[in-house]
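Encoded as structure tokens, the structure appears first; notes follow it.
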Amino acid sequence: DDLLDYYYGVRASEARPGRPAYEASAGFSPEIGIDAFYLSSGRWIWQAGLTWETFASEIEDSPIVEDSDSLSGYTFISWRF
């Protein structure tokens, strides 16, 4: 409860027109993701990932959330010593 309310709740003191007060309760948001790694013959490492999450109704009902799901990704390249 506390974690969802911290991120998605709106205190009465923060309420504005179009953003009413909201107290989020506990919820379940499933997600699925994939990660890929590539190690070159040298010292370079490439990594990338993609994650899709569908929000719990407690998150979706928050006035500060616009979508019902989220797609995020990352990529990076590093060099090993």
Side-chain angles (χ1 to χ4, degrees):
D1 285 358
D2 292 339
L3 187 62
L4 281 185
D5 194 42
Y6 176 79
Y7 284 107
Y8 303 105
V10 178
R11 293 183 184 98
S13 62
E14 300 169 329
R16 304 283 183 268
R19 187 182 65 194
Y22 178 74
E23 185 175 338
S25 58
F28 177 72
S29 295
E31 69 178 47
I32 189 167
I34 187 168
D35 292 306
F37 299 89
Y38 175 72
L39 303 171
S40 72
S41 58
R43 296 176 175 253
W44 293 97
I45 303 169
W46 174 80
Q47 183 177 355
L50 191 64
T51 301
W52 174 73
E53 177 183 9
T54 182
F55 297 140
S57 61
E58 293 81 9
I59 296 172
E60 205 175 330
D61 293 343
S62 173
I64 61 172
V65 174
E66 294 181 3
D67 299 319
S68 61
D69 59 358
S70 172
L71 181 65
S72 59
Y74 72 92
T75 185
F76 71 83
I77 298 173
S78 60
W79 185 77
R80 297 182 301 173
F81 289 100

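We number each residue from 1, following the sequence as shown.
Taking each heavy atom of V65 and D67 in turn, the nearest pair found is CG1-O, 3.2 Å. Minimum heavy-atom separation, A12 to A21: CA-CB, 4.0 Å. Residues S29 and A56 approach most closely at OG-N, 2.9 Å, considering heavy atoms. Nearest approach of E58 to Y22, heavy atoms of both residues: O-OH, 2.6 Å. Listed here is the closest heavy atom pair of P20 and A15: C-CB, 4.1 Å.
Annotation for D2: atom CG does not count as buried by contact number, only 12 or fewer foreign heavy atoms lying within 6.0 Å.
Side-chain atoms of D1 never come within 3.5 Å of backbone atoms of S25 as a donor-acceptor pair (strictly under, hydrogens ignored). Counting only distance, with no hydrogens or angles, the side chain of D5 and the backbone of A24 share a donor-acceptor pair below 3.5 Å. R80 places a side-chain N or O within 3.5 Å of a backbone atom of G42 that can act as its donor or acceptor partner.
Ring geometry for W79 versus F81: interplanar angle over 60°, hence perpendicular rather than tilted (30 to 60°).
Residues F55 and L71 do not share a hydrophobic cluster, clusters being chains of Ile/Leu/Val/Met/Phe/Trp/Tyr side chains in contact below 4.5 Å. In the hydrophobic cluster analysis, where Ile, Leu, Val, Met, Phe, Trp and Tyr join through side-chain heavy atoms closer than 4.5 angstrom, I45 is grouped apart from Y38. No continuous path of hydrophobic side-chain contacts links F76 to W44 [ILVMFWY only; heavy atoms under 4.5 Å].
In the model, W46 has no side-chain atom that pairs as donor or acceptor with a side-chain atom of S40 under 3.5 Å.
The distance from the CD1 atom of I77 to the CD atom of Q47 is 11.5 Å, given to the nearest 0.5 Å. In this structure, OG on S62 lies 12.0 Å from CD on E23, to the nearest 0.5 angstrom. Rounded to the nearest 0.5 Å, atoms OH (Y74) and CG (L50) are 10.0 Å apart. Atoms CD1 and CD, on I64 and E14 in that order, are 8.0 Å from each other to the nearest 0.5 Å. Separation of atoms OH (Y8) and CG (L3) is listed at 8.5 Å; rounding is to 0.5 Å. Rounded to the nearest 0.5 Å, atoms CD1 (I59) and OG1 (T54) are 9.5 Å apart.
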